[in-house]
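One structure is given below, encoded as structure tokens.
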Amino acid sequence: MTRTGSPAPVLIENPSVKFSSAPQRAPLRHLGRPSLRTSASGTRRLARGEAPRVLLLVPSYTRVVEPSPERSSFRALGLDTFEVMKRAGTPIGLLRIAANARLAGFDVRIVDSPFAGWEQERRLVDLGGGSSLVRYGLDDAQLRTIIEEFEPDVVGVQCIYTVQWGNARALAELVKDIDPAIVTVTGGAHPSGDWQYAVPDSPFDHVVINEADQTFTALLQALTEEGGDVDAVPGIAYRRADGAVVRTSAMSPYMRILPKRQGLDQRLAMMPLPDFGMLDMRQYEQAYHSSGKRVRDHGSWAQIFSTIGCNVGCDFCYIPMVNGPWRALGTDWFDLHLAEITKQGVTEVLIEDDHLLHDPLYAMRVFELLRKHDLPWVEEGGLSLFNLVLLHLGAEFADGMDEAERRNPNFRNVLAAMRSGLTCRDLIRAMAQGGCYSVYLAVESANEDSLQKSGKPRLNAIQRATGEIVEMFTEYGIQVTGGFMLGFVNPPEQPGDAPYIESLEQIEKTIDYAVTLMGHGMAYANPFIVTPLPGTNMWDFQKDYVVRHYDNGWSHEKATMATDQWSAEDIERMRLELLVRANGADKVTEMVRRGTWPVDA
């Protein structure tokens, strides 16, 4: 584990909370208490020669159900109700930290609440105006029974979505109601980016910031070993007795994984194989996953990864912060990973790599291993369209790029692959031969300004090339879901300048782009609304435009921001317009019926 930046602690003496969950939720009773610095029960267990107990939980989730916007395309179809989709997946983040914790001697259990109670739905909070939060997953009585029977010393709660923060903090409240002496910890994308608010805004004793594979285990050891010191654990935050928030190090540690320099054993020591046997894999046997219909009618599906991190640095994305820079785990590591999951009854997988095509030649070897283990797969993390465009347009186009763009480090591996003779068609063919049947293509926008001002390469807006790439995927039997982003709000380039606010006319161009790509064979156009995510480079600027709380504005299906050019409702209507105009009434109706993307291989 290597630490980037200064190890000096950060202190916030008078923390305040600007955003939180819906005011209609029940107030929490366990706020503001000093963070527990030791686990008394865990220390006693360890002294008796027993393993301290750690319970890792995905909280039950909520989604907004409300009347469709007036004058919207949904209303025109007779869809009077708008429902945010259910969204959940195999908890690969918890599996990662559990693997290290178990190797360190802790007794770890994982409970995936949304999937354990997938069919259980009830209205949780009335938001007014006909809107409500509907909860799906295990209820509080079921969660209470699990916690009381396991008697954990430490409870860790995952929060990867800002929109689910209200549910994470409510679960921490439930744990503290059961026993205030249980140490509560949270981590994931939201508390990592929002740690200065998350600590005073919840009953969690500690927030693990960014990549937690080794940090979480170090925290468990500090909490349970005699003389343990949480201040010596880098990358966490907690509440002092006087209410101040302490972050133990200004920057967080990321694992230094280098397959070309490290043997397999060394990498396995840093990143042990996730043990899917810790999950009830029967929960993942549905005929549909989040990207559409499965191709296997037996066994379970699972989300997995072959690389971690991303270097692109899009201003709107918190992956580089949370998961760190792009790192290959090594094809030897991935080979073992696939062999292990097939033993658990997994028959197809969703690749969740943050940047699968960062190194196309490495990705080609990943495809071969998926074929070796007979695992049909979906790419769900989002394929970098700009890499595919560069591969497709080839050396002549690359030679015509200006020097600064050509030297972009994100293109280095693509240019090397081109020099080796790899083409876009070769890559897509290899994906199909490797068992790929569906991809999520990160198209994002038709507007070069929207892309470039948010740190995204302009190549995504080259519509002719994108259309030809979609046709290639379709030719090889791979369904394409195109992702589009609406409502960019970026800071001014110079102090005193006007900010960049994407106009409704520009958003119309992105809608037209989606319609055009459907004509090239794209299976589904999936629009998202630009959302200010805590911890991103855009956060400090975009949060001034926020008009919603965490529960009903941070799903990417609901608008969070409003500007003097458009309202949140305007952007929501534009999103529904893209859905209907690009996909057609039948697919949209099927999407609403299924509650997942209507993509069938």
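Only a predicted model underlies this, so the values are computations on that prediction, with no experimental measurement involved.
Under 4.0 Å is where a charged nitrogen must lie from a carboxylate oxygen, and between E590 and R594 at least one such pair does. One finds a salt bridge joining K86 and E121 here, because a Lys/Arg side-chain nitrogen approaches an Asp/Glu carboxylate oxygen to under 4.0 Å. With respect to the salt-bridge test (charged N to carboxylate O, under 4.0 angstrom), the residues R406 and D399 qualify.
The closest donor-acceptor contact from the side chain of T90 to the backbone of Q303 lies under 3.5 Å. Panel note: side chain Y362, backbone G330; a donor-acceptor pair is recorded below 3.5 Å. When atom types are taken as modelled, the side chain of S306 and the backbone of V366 share no donor-acceptor pair closer than 3.5 angstrom. Remark: side-chain polar atoms of Q262 are paired, donor with acceptor, to backbone N or O of L258 under 3.5 angstrom. Judged purely by atom type and a 3.5 angstrom limit, E396 has no side-chain atom pairing as donor or acceptor with the backbone of L393. For the pair S113 (side chain) and L138 (backbone), a donor-acceptor distance under 3.5 Å is absent. Counting only distance, with no hydrogens or angles, the side chain of W301 and the backbone of A287 share no donor-acceptor pair below 3.5 Å. With T536 contributing its side chain and L533 its backbone, the two residues share a donor-acceptor pair below 3.5 Å. With hydrogens and angles ignored, the 3.5 Å screen pairs no side-chain donor or acceptor of R407 with any backbone N or O of F411. Side chain of E379 to backbone of G381: a donor-acceptor contact under 3.5 angstrom is found.
Judged purely by distance below 3.5 Å, without hydrogens or angles, the side chains of H373 and D335 pair a donor atom with an acceptor atom. N210 and Y254 form a side-chain donor-acceptor contact under 3.5 Å, judged by distance and modelled atom types alone. No hydrogens or angles considered: nothing links the side chains of Q433 and E368 as a donor-acceptor pair under 3.5 Å. Counted by atom type alone, T62 and N167 present one or more donor-acceptor pairs between their side chains at under 3.5 Å. R87 and S555 share no side-chain donor-acceptor pair at under 3.5 Å.
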Item checked: Pair Y284-F115, ring pair (Phe, Tyr, Trp, His ring centres under 6.0 Å): steps then yes or no -> CA-CA 8 Å; Y284 312 102; F115 270 105; 4.9 Å; yes
Exercise for the section: Could you give me the CA-CA distance, side-chain angles and deciding distance for R458 and E405, then say whether salt bridge (charged side-chain N to carboxylate O under 4.0 Å, His left out) is met? Expected result: CA-CA 10 Å; R458 67 176 176 88; E405 185 176 37; 2.9 Å; yes
Give the intermediate values and the outcome of ring pair (Phe, Tyr, Trp, His ring centres under 6.0 Å) for residues Y161 and W554. CA-CA 8 Å; Y161 306 119; W554 263 263; over 10 Å; no
request  = Show your reasoning for whether side-chain hydrogen bond (donor to acceptor under 3.5 Å, both in side chains) applies to D586 and T589.
outcome  = CA-CA 5 Å; D586 290 345; T589 303; 5.6 Å; no
Run the side chain to side chain contact (heavy atoms under 4.5 Å, CB included) test on M591 and L579 for me, step by step, so that the C-alpha distance in whole Å, both residues' side-chain angles and the decisive distance to 0.1 Å come before the verdict.
CA-CA 10 Å; M591 178 267 292; L579 272 173; 4.1 Å; yes
Applying side chain to side chain contact (heavy atoms under 4.5 Å, CB included) to V185 and V207, what does each step give before you reach the verdict?
CA-CA 6 Å; V185 183; V207 170; over 6 Å; no
Could you go step by step and tell me if D107 and R102 meet the salt bridge (charged side-chain N to carboxylate O under 4.0 Å, His left out) rule? CA-CA 6 Å; D107 180 4; R102 290 176 75 180; over 6 Å; no
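Of all heavy-atom pairs spanning M522 and V480, the tightest one is CG-O, 3.2 Å. Scanning all heavy atoms of the two residues, the minimum distance from D112 to G89 falls at OD2-O, 3.6 Å. Taking both residues in full, the closest heavy atoms of V599 and Q479 are given as CG1-CB, 3.7 Å, listed atom of the first, atom of the second, then distance. When all heavy atoms of G235 and S252 are compared, the closest pair comes out as CA-OG, 3.9 Å. For the residue pair P534 and Y318, the shortest heavy atom distance occurs at O-CD2, 3.5 Å. Contact between M270 and R256 at its shortest, heavy atoms only, is CE-O, 3.3 Å.
Partner of F216 under the side chain to side chain contact (heavy atoms under 4.5 Å, CB included) criterion, out of N100, V54, I236: V54 alone.
Classified by interplanar angle (parallel below 30°, tilted 30° to 60°, perpendicular above 60°), the ring pair W377/F367 is parallel. By the 30° and 60° cut-offs, the orientation of the rings of F305 relative to H337 is tilted. Using bins of under 30°, 30° to 60° and over 60° for the plane-to-plane angle, the ring pair F386/H355 lands in the perpendicular bin. Between W165 and H190, the angle of the ring planes lies from 30° to 60°, which puts this pair in the tilted group.
Residues satisfying the side chain to side chain donor-acceptor pair (under 3.5 Å) criterion with N323, sequence neighbours excluded, are D354. For K343, the salt bridge (charged side-chain N to carboxylate O under 4.0 Å, His left out) partners two or more places apart in sequence, or in a different chain, are E340. Taking the salt bridge (charged side-chain N to carboxylate O under 4.0 Å, His left out) definition, one finds that E380 meets it with nothing, sequence neighbours left out.
In this structure, L370 and V349 have side chains that are in contact, with non-hydrogen atoms separated by less than 4.5 Å. A heavy-atom distance below 4.5 Å is not found between the side chains of V378 and R294. S420 is listed as a side-chain neighbour of L361, based on a closest heavy-atom distance under 4.5 Å. Annotation: side chain of F488 is not in contact with side chain of N447 (no heavy-atom distance under 4.5 Å).
The list of salt bridge (charged side-chain N to carboxylate O under 4.0 Å, His left out) pairs with a residue in residues 321-334, not counting sequence neighbours, reads E211-R327, R267-D332. Applying the salt bridge (charged side-chain N to carboxylate O under 4.0 Å, His left out) test to every pair with at least one member in residues 295-316, sequence neighbours left out, gives these pairs: R296-D374. Note on residues 521-533: pairs passing side-chain hydrogen bond (donor to acceptor under 3.5 Å, both in side chains), not counting sequence neighbours, are T531-H556.
Separation of atoms CD1 (I428) and CG (L388) is listed at 6.0 Å; rounding is to 0.5 Å.
Atom CZ of R371 sits in a sparse spot, with 12 or fewer heavy atoms from other residues, nucleotides or ligands closer than 6.0 Å.
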